[in-house]
Amino acid sequence: MRITQARVIVTCPGRNFVTLKIVTDEGVTGVGDATLNGRELAVAAYLTEHVVPALIGRDPARIEDTWQYLYKGAYWRRGPVTMSAIAAVDTALWDIKGKVAGLPVYQLLGGRSREGVTVYGHANAPDTESVLSEISAYVDRGYRAVRVQTGIPGLESTYGVSGGTAFYEPADAAVPTENVWSTAHYLEHVPSVFARVREEFGPTLKLLHDVHHRLTPIEAARLGRSLEPYALTWIEDPVPAELPEGFRLIRQHTTTPIAVGEVFNTIWDCQQLITEQLIDYIRTTVVHAGGITHLRRIFDLAALYHVRSGSHGATDLSPVCMAAALHVDLAIPNFGLQEYMRHTDETDGVFPHSYHFADGYLHPGEEPGLGVDIDEELAGRYPYRPASLPVNRLRDGTMHSW
Ligand code: EZ4
Ligand code: CO
């Protein structure tokens, strides 16, 4: 079997997605997600100009060799653009391998290690009382884990909250929206939210919170300590993670578990955090960390150090990425949780898929391959629209992490 064609499809069914579709001489096709929120066309060009020409004529069965060829062959290693492009190729080749074998991809990864993939939903609301009803709605639908984000008194806007709508989409303008941040207001408020949530929902519902890279290590240590009475499953991205040593300081002060890694691209970004046991959950995902092949490598390293998976699953990762993530989640021994923000009906229409939600779990389905495809005709009706993520400033105008 040979690769005869690879198409890069950019579409905007409510938000932008980049998809790679690989075609073979025997008619078997595979899909991979290449979406990098706010930088979509950089990956599309990387694929079209630099990757697709080298794929033509290659044997699609050689997944590991193709990964090494693209990684080592670029000379310029790592980075989100390169690794998202490699991920798209790798994911599409796993899809093809599954279809050729007549097996869902999780079977090729060793078979199921659990009955379903436990997911967490996003409860977002402007204030504490209104977030309680959002959480109730998830509990009623069978969710066992919920991420909780609320507005902060004194701040006009904050990460994760958008006027109570179900689908929070931060990439809201062609030129970045400007937010204002105050660590003092945030640290003062957040513990009171979780006190109220625990009072209402009891001790066993899994609760999570995303700090979104906004604190210093000692501030994150204070937050973690102040949340200990409410036994969170994790605080996510407490500090920007370019400096892994920073997590030692957090660890010295709190038993609140830590999740990190949605912006990581390779195993080398995670290596010190995992091997020094500075984190509890690694949030790398298929599309931004080099595909199924590389993600499996990261999770196998993590398993040695009691670190579990907690893959990123926001709506800017396409249903192709979600399908691929679920096959990995079902197969690995050290699965933790999978983030699940539901896509819009428009998006689901463009990406027909066999994965489905039932009783707090997602199931990848039993179709050969990934069980997801792209409807190219429908995709063509939604042209790309430039959309950037916001920026964040302190009150005095200083740039801060968003
Ligand atoms: O801000 O995916 O945990 N989820 C997140 C997301 C990220 C977006 C960025 O593109 O932090 O909402
Ligand atoms: Co996050």
Side-chain angles (χ1 to χ4, degrees), residues 12 14-18 33-43 80-81 83-84 87 119-125 138 145-150 157-162 165-174 176-177 179 181 186 190 206-215 220 223 232-242 257-265 269-270 273 279-289 309-322 325 336-344 347 385-392 400-402:
C12 187
R15 66 158 3 281
N16 292 313
F17 295 108
V18 180
D33 184 19
T35 309
L36 184 61
N37 201 9
R39 296 291 184 269
E40 294 86 359
L41 299 187
V43 186
V81 174
M83 298 310 292
S84 299
V119 294
Y120 68 90
H122 285 198
N124 313 322
Y138 280 106
V146 184
R147 189 187 91 163
V148 180
Q149 309 290 140
T150 68
S157 67
T158 189
Y159 166 77
V161 182
S162 59
T165 58
F167 304 104
Y168 172 65
E169 285 295 354
D172 57 2
T177 301
N179 293 346
W181 176 251
Y186 173 78
V190 171
K206 286 182 169 25
L207 297 175
L208 304 84
H209 178 69
D210 194 343
V211 185
H212 221 264
H213 327 273
R214 286 160 192 217
L215 302 178
L223 176 70
L232 268 62
T233 295
W234 75 46
I235 52 171
E236 174 179 332
D237 291 334
V239 296
E242 294 97 324
I258 298 168
V260 144
E262 68 182 44
V263 303
F264 289 175
N265 319 121
D269 299 325
C270 328
L273 290 172
I279 58 171
D280 301 280
Y281 294 89
I282 183 70
R283 283 182 44 76
T284 42
T285 193
V286 173
V287 55
H288 299 137
S309 74
S311 283
H312 191 203
T315 39
D316 49 282
L317 287 61
S318 91
V320 176
C321 178
M322 179 54 75
L337 275 177
Q338 170 67 53
E339 185 179 27
Y340 177 44
M341 276 176 85
R342 285 157 296 141
H343 288 106
T344 61
T347 296
R385 282 202 312 256
S388 295
L389 289 167
V391 296
N392 214 10
H400 195 69
S401 302
W402 174 73

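Just so it is clear, the structure is predicted and the values come from calculations on it, not from any experiment. Just so you know, ligand 1 is whichever comes first in the structure, and atom 1 is the first atom listed for that ligand.
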Measuring from [X]:[atom1] to [Y]:[atom2], what's the distance to the nearest 0.5 Å?
{"X": "Met322", "Y": "Thr347", "atom1": "CE", "atom2": "OG1", "answer": "12.5 Å"}
{"X": "Asn392", "Y": "Asn179", "atom1": "CG", "atom2": "CG", "answer": "5.5 Å"}
{"X": "Arg283", "Y": "Asp237", "atom1": "CZ", "atom2": "CG", "answer": "6.5 Å"}
{"X": "Thr233", "Y": "Arg147", "atom1": "OG1", "atom2": "CZ", "answer": "13.5 Å"}

Q) Who gets closest to atom 5 (C) of ligand 1 by heavy atom: Tyr168, Tyr159, Tyr120? A) Tyr159
Residue, atom name and distance, where the atom is the protein heavy atom closest to [atom]:
{"atom": "atom 7 (C) of ligand 1", "answer": "Glu262 OE2, 3.5 Å"}
{"atom": "atom 2 (O) of ligand 1", "answer": "Asp316 OD1, 2.7 Å"}
{"atom": "atom 1 (O) of ligand 1", "answer": "His212 NE2, 2.8 Å"}

(Q) If we ignore hydrogens and angles and just use 3.5 Å, is the side chain of His288 paired with the main-chain N or O of Pro80 as donor and acceptor? (A) no
Check ligand 1 against [X] and write out every atom of the ligand that is under 4.0 Å from a heavy-atom position of the residue.
{"X": "Arg147", "answer": "3 (O), 4 (N)"}
{"X": "Trp402", "answer": "1 (O)"}
{"X": "His312", "answer": "2 (O), 3 (O), 4 (N), 5 (C), 6 (C), 7 (C)"}
{"X": "Arg283", "answer": "3 (O), 4 (N)"}
{"X": "Asp210", "answer": "3 (O), 4 (N), 5 (C), 11 (O)"}

[X] atom (N/O/S) at minimal separation from the Co ion (ligand 2):
{"X": "Glu236", "result": "OE2"}
{"X": "Glu262", "result": "OE1"}
{"X": "Asp210", "result": "OD2"}

Q) Tell me, do Cys270 and Thr284 make a side-chain contact under 4.5 Å, heavy atoms counted? A) yes
**Q.** Non-hydrogen side-chain atoms of Val320 and Phe17 separated by less than 4.5 Å
**A.** no
Q. Mind checking whether Met341 has a heavy atom under 4.0 Å from ligand 1?
A. no
Q: Kindly say whether the aromatic ring centers of Trp181 and Tyr159 come within a distance under 6.0 Å.
A: no
Q. Is it true that His213 and Trp402 have ring centroids separated by less than 6.0 Å?
A. no
Q: Look at Glu339 and state whether any of its N, O or S atoms is less than 2.8 Å from the Co ion (ligand 2).
A: no
Q: Return yes when at least one N/O/S atom of Asp237 is nearer than 2.8 Å to the Co ion (ligand 2), and no when none is.
A: no
Q) Is His122 in polar range of ligand 1, meaning some N or O pair under 3.5 Å apart? A) no
Q. Based purely on interatomic distance, does Asn37 place a nitrogen or oxygen under 3.5 Å from a nitrogen or oxygen of ligand 1?
A. yes
Q: Could you tell me which non-hydrogen atom of Asp210 sits nearest to which non-hydrogen atom of Gln149, and how far apart they are?
A: N-OE1, 2.7 Å
Q. Is there a side-chain contact (heavy atoms from CB on, under 4.5 Å) between Leu337 and Trp234 once you walk through the steps?
A. CA-CA 11 Å; Leu337 275 177; Trp234 75 46; 4.2 Å; yes
